[in-house]
Amino acid sequence: MQFQRIVTGKIKSDLYYDLIELFSGLFLAGFLGMHLIFESSIIAGKKVFNNLSQTLDENYLALAGISLVVVVFFIHFLTAGRRIPTRCKEQKIIWHHTGRLRHLNTWAWVLQIITGIIILILGSIHMWVVVTDRPIKAETSALRIQSGYLWFYVILLLLSVVHAGIGIYRQFIKWGWFPRKPLGYVIGFISIFFILLGFTALFTFLRAGGL
Amino acid sequence: MKNRELTLNIFRYDPNIPGREPYMQPYSLQETEGMTIFIALNQIRENQDPSLKFDFVCRAAICGSCGMLVNGRPRLACKTLTRDLPEVITLMPLPVFKLIGDLSVDTGSWFRQLSIKTGAWVHSDKSFNPNCQEERMSNETALKIYEAERCIECGCCIAGCATANIRDDFLGAAGLYKIARFMVDPRDERPEEKYFDVVSSEEGVFGCLGLMACEDNCPMELPLQVQLAYVRRKMALIGFRV
Amino acid sequence: MNTIVTDVLIIGAGLAGERTAIEAANQGLDVIILSLVPPRRSHSTAAQGGMQAALGNCAMGRGDNPSIHFEDTVKGSDWGCDQDVARLFCETAPTAVRQMAYWGVPWNRVAAGRKRLPGGQEIYELKEYEGLITARNFGGTAKWRACYTADGTGHTIQYTLDSIVIKLGIKVHDRMEALRLIHNGDKCMGVVARCLRTGKLYTYISKSTVLATGGCGRLYGASTNAVINEGSGMFLALETELVPLGNMEAIQFHPTGLVPVWILITEGARGDGGYLLDKNHHRFMPDYEPKKKELASRDVVARRMIMHMRKGYGVESPYGPHLWLDIRHLGEKHINTNLREIANICRNFAGIDPVNELIPVRPTQHYSMGGVRTNINGAVYGIKGLFACGEAACWDLHGFNRLGGNSLAETIVSGMIVGKKAAEYTLGTELTYSYQQVNNHYNIVRQKIKNIIGGKLNKKRHENVFELKNIMEDVLMKHVGIFRNGKDLLKAVNALQELYHRSRNISLRSSGTGASPELGLALRLPGMIKLALCVAYGALKRTESRGSHYREDYPRRDDKNWLKRTLAYWPEEKDLPCLKYEPVKITEIPPGDRGYGESPGKGGTS
């Protein structure tokens with residue numbers, strides 16, 4: 001072993017990074033699910049949506065939740081992002097490699113990096129808008145969507161669900177918690193459910209006229 | 001399907017000649033019944049281009065010499081039948097390993113280094129007594145060790161691994177599988193913490209991204225992901241203990 | 001000239017080579033192993049079957065001891081083996097197996113309880129043996145004694161030995177091909193070698209040198225051997241003009257090699273009821289062997305197959321005539337469970353599904369009993385400081401027919417014994433060599449290479465190395481195969497002699513620079529043809545049938561005239577070996593009826 005490794009001793013940071021990436025990811029995925037379910041309460045009507053929002057607000061759950069999510073969001077970016085090939089040479093190698101190999105899971109990883117980076121940008125904007133435009137109300141949300149934010153949300157929804165799906169799938173496989181094939185089906189099914197749910201909510205906001 | 005005219009596009013490069021650029025060279029070949037890449041390459045060397053470099057030893061998927069990229073994917077050339085491939089076949093050397101020339105790569109040195117790095121032998125303070133009966137072991141344990149020792153070090157998992165392609169020090173599936181082999185062996189007296197140094201880092205199990213190209217390209221169809229997950233869980237547990 | 005100096009130089013990193021290296025290194029000696037390929041790619045890894053050692057732990061091996069193993073070995077060899085060697089081997093084998101267990105081989109173990117064998121017989125494994133090393137059945141043995149690890153015995157032993165080599169820090173120079181032994185007419189001092197990565201020449205100077213290069217199966221066009229088994233250690237020794245090769249005519253064939261890749265299809269297929277069919281899909285074995293049919297012994301089946309093909313009933317293919325092995329009638333379930341290994345080989349390497357299709361097979365060269373003649377210590381005849389072990393050697397454990405499972409055991413046991421003796425020799429000797437002598441040998445090799453590469457310019461020289469190799473392979477397959485007779489053998493000798501002359505005019509079609517594979521073969525081929533001539537000429541002169549050497553014109557064993565071992569020397573200017581003979585050492589069991597190979601013996605491969 002080299003000198004610098006002997007003097008630095010046992011380093012558990014890689015284990016911790018890995019675990020932080022895992023748990024922050026799971027948290028965010030869980031949040032995403034909750035978020036989409038809460039969001040889709042609009043389907044049941046403006047009243048339900050506003051009541052829910054108000055309840056969360058009154059108990060400071062929204063404030064606590066949003067702050068926590070913002071922190072975890074960036075922690076997840078820092079830990080998971082350390083895996084992104086940053087050097088030009090590395091990126092070129094990965095492109096060549098992925099193109100040659102034609103391997104679904106490797107493509108999925110590339111897709112996850114790309115979605116992750118876009119989510120970082122779009123998610124930040126989304127959080128900024130929501131935080132500066134509190135409290136959350138059906139009317140303001142609908143207005144945002146009708147005033148051209150629709151495509152923004154369509155993209156963010158798709159990317160988030162895909163990113164979360166692939167992430168959970170890979171983590172579960174890595175830790176050996178589930179057999180691969182059934183896991184793929186289950187996650188695929190859940191992802192489609194959430195995408196449809198999100199679309200329905202967006203559609204409802206879009207159609208929520210008379211504002 | 002019979003008697004097709006095959007075109008093999010083969011990567012050519014001799015790193016020993018300075019200034020020479022790599023290129024792809026096409027060879028035409030008449031397909032025969034039961035033809036494998038092993039047969040095809042030998043025919044090309046005999047009849048068309050005796051300078052073509054490639055490695056075969058056992059030609060029976062036992063020795064692990066002939067890993068190469070067949071149409072982009074890591075395969076053992078000896079057990080790849082041409083009839084399962086389209087008429088145009090591209091052959092390239094395995095990435096990650098040092099290129100010796102054309103399709104020949106130095107997997108041997110890479111794996112030797114791996115064995116040294118991971119201390120891949122049974123560590124024991126006992127000495128051998130020729131007059132004694134062997135130490136007993138249950139047959140299940142023996143079979144478990146055997147399962148973990150079935151890797152033939154062909155390098156297909158390493159070549160297919162995105163991390164290994166960009167990180168020179170990554171142990172890869174083969175390396176972690178090898179460590180698992182000694183972890184399950186009761187004769188190895190290494191305390192578990194010993195493994196932690198080598199394995200519990202980005203070079204080891206926490207460098208794995210879980211892309212499963214290792215398992216999907218393993219010619220021996222080894223349960224790599226199961227063993228990798230085993231090592232990962234074990235390392236996490238040790239990590240919280242030490 | 002790049003020169004590397006060491007105490008012990010070992011050529012070949014298979015099981016025999018690595019085991020020798022470990023023994024020598026444990027005596028505190030500096031050891032270097034040269035190998036054509038990384039050690040774990042050696043042909044030793046292909047031995048699936050097992051390693052014979054009389055442990056007597058399993059139910060069907062109970063009561064076994066080295067004496068019974070000895071008797072099996074001597075009978076199997078058709079009294080051609082050296083009985084002192086066989087005795088030493090059988091006594092050492094159990095220790096060797098246990099030591100491999102200590103080092104890490106996961107031998108299959110005895111699991112107590114009642115078991116039913118495929119034949120219906122019930123056996124009972126005793127509790128007191130539980131957890132000890134078990135064994136499986138192999139053809140030609142009185143007891144079950146082939147120790148094994150599932151279907152990867154050679155693989156696990158090689159990986160374990162190599163792990164010890166790595167642990168001990170023994171240097172392995174892989175992709176390094178020995179081209180010539182350096183000697184002064186009395187003592188061997190190392191080798192001249194060519195790096196297969198760069199093509200550069202190196203000289204290795206050593207106090208002692210061990211040849212552990214394996215067999216020469218690739219002299220034959222159809223061989224179960226790995227492609228690197230070209231007998232290089234044998235012709236290196238032969239080319240010293242001092243060292244004889246023993247019993248080169250003793251070549252073992254296996255009846256069912258898969259066409260066209262010649263991978264072994266084990267006896268299990270026929271043992272379970274497979275048929276052999278000819279080109280008319282006629283089951284021909286009952287015509288010849290009405291009683292045992294396909295289940296006659298290995299050599300008998302192989303002889304009948306060749307006989308039938310000679311009559312014109314072979315199936316023509318681009319890879320030569322072959323016959324069919326039919327297991328379709330055994331049913332999908334049986335094929336995919338009991339014969340899974342065979343089914344996988346057929347699917348992977350021939351694209352054939354044996355559930356619905358016929359398997360093309362042909363008798364295939366399998367093992368060379370002969371090799372560099374050594375004494376019981378592994379010291380090579382005729383020169384000091386040179387040792388040999390494993391299949392490369394004619395230690396003479398196998399005589400004229402090797403017992404299944406004895407080859408794997410020989411690699412380890414002879415490695416132990418020869419390693420120890422080589423170390424003793426090395427510790428008692430000084431490193432003396434003259435630069436001039438080393439340089440001479442180096443220059444001979446360099447000149448050889450120059451001649452071959454330069455041959456391009458000389459218009460009279462234009463022999464194609466691949467063409468010559470194919471002719472050699474065909475001649476041996478056709479005339480020095482399973483059936484031998486004076487007429488054909490003479491044809492073979494003449495053809496090989498002509499070939500030998502032609503091989504001096506090899507010219508390359510590639511530039512031959514760097515690690516050119518064509519140059520590599522061009523350097524080896526003349527030596528290989530010499531070996532082929534030793535096989536053919538030895539077979540021609542041996543006018544009897546013994547073990548695997550079967551003469552149609554002399555179908556009986558002739559102990560009166562032929563209870564002796566062939567020693568083939570090669571005088572440099574000649575185009576034929578000079579044959580001498582020595583008596584075979586009989587110490588315990590006088591020649592008698594062989595009674596070997598009558599039972600089909602499942603799985604008896606390796």
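Hydrogens, waters and symmetry mates play no part in the numbers below; they use all other heavy atoms, side chains included. Below, read A as the first sequence line, B as the second, and so on, with proteins coming before strands; counting in each chain starts at 1.
In this structure, chain B has a heavy atom under 4.5 Å from the side chain of C:Val37, while its backbone stays farther away. For C:Ala515, the parts lying near chain B are the backbone and the side chain together; criterion is any non-hydrogen pair under 4.5 Å. Neither the backbone nor the side chain of B:Lys98 comes within less than 4.5 Å of any heavy atom of chain C. When heavy atoms are compared at a cutoff of 4.5 Å, C:Asn57 approaches chain B solely by way of its side chain, counted from C-beta outward. Proximity to chain B (any heavy atom under 4.5 Å) is restricted, for C:Pro39, to the side chain, taken from C-beta onward. Proximity to chain C is limited to the side chain of B:Arg187, based on heavy atoms less than 4.5 angstrom apart. For C:Arg175, the part lying near chain B is the side chain, with the backbone staying farther off; criterion is any non-hydrogen pair under 4.5 Å. Only the backbone of B:Cys151 comes within less than 4.5 Å of a heavy atom in chain C; its side chain stays farther off. With a threshold of 4.5 angstrom between heavy atoms, C:Trp262 approaches chain B through its backbone and through its side chain. For a residue to count as touching a neighbouring chain, one of its non-hydrogen atoms must lie under 4.5 Å from one of that chain's; by this rule C:Phe349 touches chain B with backbone and side chain alike. Neither the backbone nor the side chain of C:Thr92 comes within less than 4.5 Å of any heavy atom in chain B. Looking at B:Ala120, the atoms closer than 4.5 Å to chain C (heavy atoms on both sides) all sit in the backbone: N, CA, C or O. In this structure, the portion of C:Tyr129 lying under 4.5 Å from any heavy atom of chain B is its backbone and not its side chain. Contact annotation for C:Val172: only side-chain heavy atoms (C-beta onward) come within less than 4.5 Å of a heavy atom of chain B. Heavy atoms closer than 4.5 Å to chain C are found in both the backbone and the side chain of B:Gln133. When heavy atoms are compared at a cutoff of 4.5 Å, C:Pro106 approaches chain B by way of both its backbone and its side chain.
Residue with the most contacts toward chain B among C:Thr149, C:Ile133, C:Thr156, C:Asp174: C:Ile133 (heavy-atom pairs, distance under 4.5 Å). By number of non-hydrogen pairs under 4.5 angstrom with chain B, the leading residue of C:Ile228, C:Asn108, C:Thr198 is C:Asn108. Looking only at heavy-atom pairs under 4.5 Å with chain C, the residue among B:Asp188, B:Thr107, B:Asn131 that has the most is B:Thr107. Interface remark: of the candidates C:Gly104, C:Gly152, C:Gly512, C:Gly104 forms the most heavy-atom pairs closer than 4.5 Å to chain B. When each of C:Thr224, C:Leu519, C:Thr160, C:Thr134 is scored by its heavy-atom pairs under 4.5 Å with chain B, the top score falls to C:Thr224. Here B:Thr32 is the residue among B:Ile145, B:Thr36, B:Thr32 with the most heavy-atom pairs under 4.5 Å with chain C. Contact count versus chain B (heavy atoms, under 4.5 Å) is highest, among C:Ile352, C:Ile164, C:Asp151, C:Leu55, for C:Asp151. Interface check for chain C: of the options B:Gly101, B:Cys78, B:Pro15, the most heavy-atom pairs under 4.5 Å are formed by B:Cys78. Annotation: maximal heavy-atom pairing with chain B below 4.5 Å, among C:Lys167, C:Glu518, C:Gln158, occurs at C:Lys167.
The backbone N or O of C:Arg362 sits less than 3.5 Å from a side-chain atom of C:Thr364, completing a donor-acceptor pair.
For the pair C:Arg98 and B:Glu134, the salt-bridge criterion is met [side-chain N within less than 4.0 Å of a carboxylate O]. Taking 4.0 Å as the cut-off between side-chain N and carboxylate O, B:Glu147 and B:Lys144 do not count as a salt-bridged pair.
Looking at B:Thr141 and C:Arg109, their side chains never bring a donor and an acceptor atom within 3.5 Å of each other.
Relative to the ring axis of C:Tyr159, C:Arg40 places its NZ or CZ within 45° and under 6.0 Å from the centre.
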